[in-house]
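Below: one structure in structure tokens.
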Amino acid sequence: MVKQELAESLREAVLEAQRKGVLGPAPLPEVLIEHPQSTEHGDFATSLPMKLARAMRMPPMAIAQRIQEHLSPPAQISSVTVAPPGFMNFTLRDDWLSGQVQWILDAGESYSDIDLGKGKRVQVEFVSVNPTGPLHVGHGRGAVLGSTLANVLAISGFCVEREYYVNDMGSQINNFGRSLYVRYLQCLGVEAALPDEGYHGKYMVDLAREIVAREGDRFLKTSEQEAVAQLAQIGTARMLDDIKQDFALLRVEFDVWFSEKTLYEDGKFEKAMELLRKGGYITERENATWFESSSLGQDKDNVLVRSDGQPTYFASDVAYHYDKFSEREFDLVIDIWGSDHQGHVPRMKAMLRALGHDPDRLRIIIHQLITLRRGGEIVRVSKRSGDIVTLREVVEEVGPDACRFVFLSRSADSQMDFDIELAKRQSADNPVYYVQYAHARIASIIRLAEERGIDFSEGDVSLLSTEPELTLIRRLVLLPEIMERVAVSLEPHHLPYYAQELATAFHSFYKQCRVVSEDRAMTGARLKLVRATKIVLARVLGLMGMTAPDRM
RNA sequence: GUCCCUGUAGCUCAGUGGAUAGAGCGGCUGCCUUCUAAGCAGCGGGUCGGGGGUUCGAAUCCCUCCAGGGACGCCA
């Protein structure tokens, strides 16, 4: 990328000037290149001279001038200027910019594939909700975040696996089984009461009814314990099917559905415990088994095996991450959790250290929870209490494109309000349609060109030189940088913003420049630009899991 | 009480220590005889929660206070 080449040439210029004694000795800080907000300052800028001023005991402007004198900028740069109080501004050559249009056309759908990951194996684990009920709107956020991030990493040179961790055992599954058993009994006319901490949602009644219809009253004949266990299994399998359907609606895909149970069946739990025990991180007290995380700087120790012999959720997570790192040997693991799991992060890091792995190989993305509103009124979303607005309900009414875009356009750190009424209104002024409309407009132009039998394969992109054209191209060539930024920061929310800016540049170009006209040469050049724009728009929309319609 | 996240335009939110803090929505003006007006051009709108500090330079880093959210379980 031009940015890196420019930084490198600046570094060399400073070193060269220092060798000649034109600039004083000073340690060279990292050369940061930014995009100036004002276009009159060019495409790139650096404040390097100001950062060197103190150490070199020289005014920033003088430093800037001397760097400029020794600088051999990359060939893509047409001008280097110095601006007070000590900036250096750089502008891209017009002919390089127009040439990029051909480059994008040649690269096609692989334009902006970058080799950041160098083939490293990365696992993205997300959502991983207990299969004890339908997904609600809040889960949609993690789903969209994870799937989009995985998409970006996949084109950034990483070998990506998308994984859903299925909690198919433990106390909540048992709780779920009990609740289902009660509903089952009630459905068959047997008196039974739901425990307070049970699952009160209406969907449990429907589920019980469904099971009665399919399985009859056979669970009346088995022991309660047996019935609860079997109903839990049938019920969670059914819930998981629902969850998979919800994902399909939202265009979220997983490569692996990982069962918690298998951690115990395949001996991974034992192996992980053995590793911790050898490291001296395990103690037995009060009849329970503890992970001595306090010896790793944590506030407190954590129970791994309860006094009743049952492993905790944390114990499963130890075994699960042992499996991720020691058995499956991922280079990088990304876990995406809701902020209610925030407190879990430090002990996970401590546990990795205890297992002998670099904690930095686990990146945990915490997204804030969604406050669900219905026309301003807060809606509670607890699964156990029952009043659920399901993800499916919202996706079906709002549409997957708008849903994904809304979820994506806020950083994971922001606590977002999701007003169902507002989302359902599906206003035509939605930025979602603004971006898609740009794509549809382009498709329409290309259709017209095809109808008129225009062959623009020999179009001369060097004719693209007006301000609207170059502004549009400047947006197009930004894509690889956006990809890198998302892949490094793990922040997909930059994508929708980029998409909007690109659409703006296109709509403005469209208004000012006639594409299909009497001027055959210009028509050919602009058709190429328009097609390149279509490629980039489709790419970004695709990464966000959205459709790129040809007509609207 | 301790820890984490947040506080930027009327609303929803961007903003890699740099130049005049941005976008969308909403409000107000204009613009459809030519490829899609789901569009374009423009106007108005700000104590970047408050107060200290570091720095040539702070919305951005540090401290403190205030406000909102979340977590502090042998639940997950």
Side-chain angles (χ1 to χ4, degrees), chain A residues 32-38 40-41 45-47 50-51 53-54 59-60 83-87 89 128-130 132 167 170-173 175 197 260 286-290 299-300 302-317 338-346 366-369 371 406 409-417 419 422 427-438 440-449 451-452 481 485 488-489 493-494 496-497 500-501 503-504 506-518 523 526-527 530 551-552:
Chain A
L32 291 175
I33 307 289
E34 59 176 311
H35 294 284
Q37 42 183 312
S38 168
E40 63 193 80
H41 295 136
T46 185
S47 58
M50 287 183 274
K51 295 194 199 307
R54 177 184 286 267
F87 289 101
N89 296 322
S128 299
V129 171
N130 286 359
T132 54
N167 301 104
S171 58
Q172 282 311 316
I173 298 302
N175 184 14
E197 70 284 0
E260 178 181 5
E286 299 157 38
N287 259 334
T289 304
W290 296 73
D299 306 353
K300 52 186 98 171
N302 297 96
V303 172
L304 288 164
V305 182
R306 300 189 185 93
S307 44
D308 66 1
Q310 291 300 307
T312 61
Y313 164 82
F314 179 58
S316 289
D317 247 357
S339 66
D340 52 338
H341 289 64
Q342 215 289 329
H344 195 49
V345 175
I366 299 292
H367 65 84
Q368 298 301 306
L369 300 178
T371 307
V406 169
S409 52
R410 283 140 178 103
S411 77
D413 281 338
S414 86
Q415 306 160 200
M416 63 183 285
D417 280 9
D419 191 319
L422 214 64
S427 121
D429 307 312
N430 201 309
V432 179
Y433 306 114
Y434 181 82
V435 175
Q436 291 181 322
Y437 185 58
R441 264 185 157 175
I442 293 172
S444 171
I445 295 170
I446 292 173
R447 271 198 302 274
L448 178 74
E451 279 165 27
R452 297 195 183 169
E481 200 177 303
R485 185 170 177 192
V488 170
S489 67
H493 74 269
H494 300 299
Y497 286 93
Q500 274 184 90
E501 285 164 4
T504 297
F506 169 74
H507 286 308
S508 182
F509 156 82
Y510 176 89
K511 185 71 180 178
Q512 296 174 73
C513 302
R514 174 80 200 180
V515 177
V516 180
S517 70
E518 299 303 311
T523 298
R526 287 183 175 163
L527 279 170
V530 148
R551 289 173 205 275
M552 283 176 75

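Just so we're on the same page: letters track the sequence lines, and every chain starts at 1. This is a predicted model, so every value here is computed, not measured.
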With sugar-phosphate meaning primed atoms plus P, OP1 and OP2, does H494(A) contact a base, only sugar-phosphate, or nothing at under 4.0 Å between heavy atoms? sugar-phosphate
E286(A), nearest nucleotide to its side chain (from rC74(B), rA14(B), rU16(B)): rC74(B)
Among rA76(B), rA14(B), rC35(B), which nucleotide sits nearest the side chain of N167(A)? rA76(B)
Round to the nearest Å and state the distance from R551(A) atom CZ to rC35(B) atom P. 15 Å
Is the terminal nitrogen or CZ of R441(A) (NZ for Lys, CZ for Arg) located under 6.0 angstrom from the six-membered ring centre of F506(A) and within 45° of that ring's axis? no
Show the distances under 3.5 angstrom between N or O atoms of the protein and N or O atoms of nucleotides 3-7 of chain B.
residue, atom, partner, partner atom, Å
rC4(B), O2', Q342(A), NE2, 2.9
rC5(B), O2', Q368(A), NE2, 3.4
rC5(B), O2', D413(A), O, 2.9
rC5(B), O2, Q415(A), OE1, 3.4
rU6(B), OP1, D413(A), OD2, 3.4

Check the distance between rC75(B)'s P and N302(A)'s CG and give it to me in whole angstrom. 12 Å
How do G343(A) and Y437(A) order along RNA chain B: which one's closest nucleotide is nearer the 5' end? Y437(A)
When every non-hydrogen atom of P496(A) is compared with those of S409(A), the smallest separation belongs to CG-CA, 3.6 Å
Would you say S409(A) places a side-chain N or O within less than 4.0 Å of OP1 or OP2 belonging to rA14(B)? no
Looking only at side-chain N and O atoms, does Y433(A) come under 4.0 Å of OP1 or OP2 in rG24(B)? no
Qualifying residue, where the test is side chain to side chain contact (heavy atoms under 4.5 Å, CB included) with R526(A) and the options are V516(A), V515(A), I445(A): V515(A)
If the P atom of rC48(B) is compared with that of rC11(B), how far apart are they to the nearest Å? 16 Å
Nearest to the side chain of V303(A), heavy atoms from C-beta on, is which of rA76(B), rC74(B), rC40(B)? rC74(B)
Is there a donor in the side chain of D317(A) and an acceptor in the side chain of H344(A), or the other way round, less than 3.5 Å apart? yes
Closest non-hydrogen atom pair, G86(A) against P60(A): CA-CB, 4.0 Å
Which part of the nucleic acid does S411(A) contact within heavy-atom distance under 4.0 Å: base, sugar-phosphate only, or nothing? sugar-phosphate
Please state how far atom CZ in R306(A) lies from atom C1' in rC75(B), giving the value in whole angstrom units. 7 Å
W290(A) CH2 to rG73(B) C1', in whole Å, measures 10 Å
To the nearest Å, give me how far apart NE2 (H493(A)) and C1' (rA23(B)) are. 13 Å
Look at the side chain of V516(A) and decide which nucleotide, out of rC35(B), rU16(B), rG39(B), has an atom nearest to it. rC35(B)
Please determine if a side-chain N or O atom of R441(A) lies less than 4.0 Å away from the OP1 or OP2 oxygen of rG39(B). no
Listed nucleotide nearest any side-chain atom of R514(A), set rA19(B), rG70(B), rC35(B): rC35(B)
Can you confirm whether the side chains of T504(A) and Q500(A) place a donor and an acceptor under 3.5 Å from each other? no
Regarding Q37(A), tell me which of base, sugar-phosphate or nothing describes its non-hydrogen contacts under 4.0 Å with the strands shown. sugar-phosphate
Quick check, does H41(A) stack with rA19(B)? I mean ring centres under 5.5 Å and planes off by under 30°. yes
How is the base pairing of RNA chain B summarised as a dot-bracket string, given the Watson-Crick and G-U wobble criteria with both distances under 3.5 Å, [ ] for crossing and | for another strand? (((((((..((((....[...)))).(((((.......))))).....(((((..]....))))))))))))....
Taking for G170(A) and for S38(A) the nucleotide of RNA chain B with the nearest heavy atom, the one nearer the 5' end belongs to S38(A)
It should be established whether Y510(A) places a side-chain nitrogen or oxygen under 4.0 Å from OP1 or OP2 of nucleotide rA37(B). yes
Minimum heavy-atom separation for L304(A) and W290(A), please, with both atom names. CD1-C, 4.1 Å
Compare the minimum distances between each of rA76(B), rC35(B), rA71(B) and the side chain of N130(A), then state the nucleotide with the smallest one. rA76(B)
Testing rC74(B), rU12(B), rU16(B) for proximity to the side chain of R410(A), the answer is rU12(B)
Could you tell me whether S517(A) contacts a base, only the sugar-phosphate backbone, or nothing, with contacts defined as non-hydrogen atoms closer than 4.0 Å? nothing
Measure from the side chain of P431(A), starting at C-beta and using heavy atoms only, and say which of rG70(B), rG24(B), rG15(B) lies closest. rG24(B)
Is the aromatic ring of F87(A) within stacking range of rG18(B), meaning centres under 5.5 angstrom and planes under 30 degrees? no
Relative to its sugar, using the 90° cut-off around 0, the base of rC4(B) is anti
Could you check whether the side chain of S47(A) and the base of rG18(B) have a donor-acceptor pair of N or O atoms closer than 3.5 Å, going by distance alone? yes
Which one, rC13(B), rG70(B), rC35(B), comes nearest to the side chain of V515(A)? rC35(B)
Do N89(A) and rA19(B) share a donor-acceptor pair, side chain to base, under 3.5 Å? yes
Among rG39(B), rC72(B), rG18(B), which nucleotide has an atom closest to any side-chain atom of K300(A)? rC72(B)
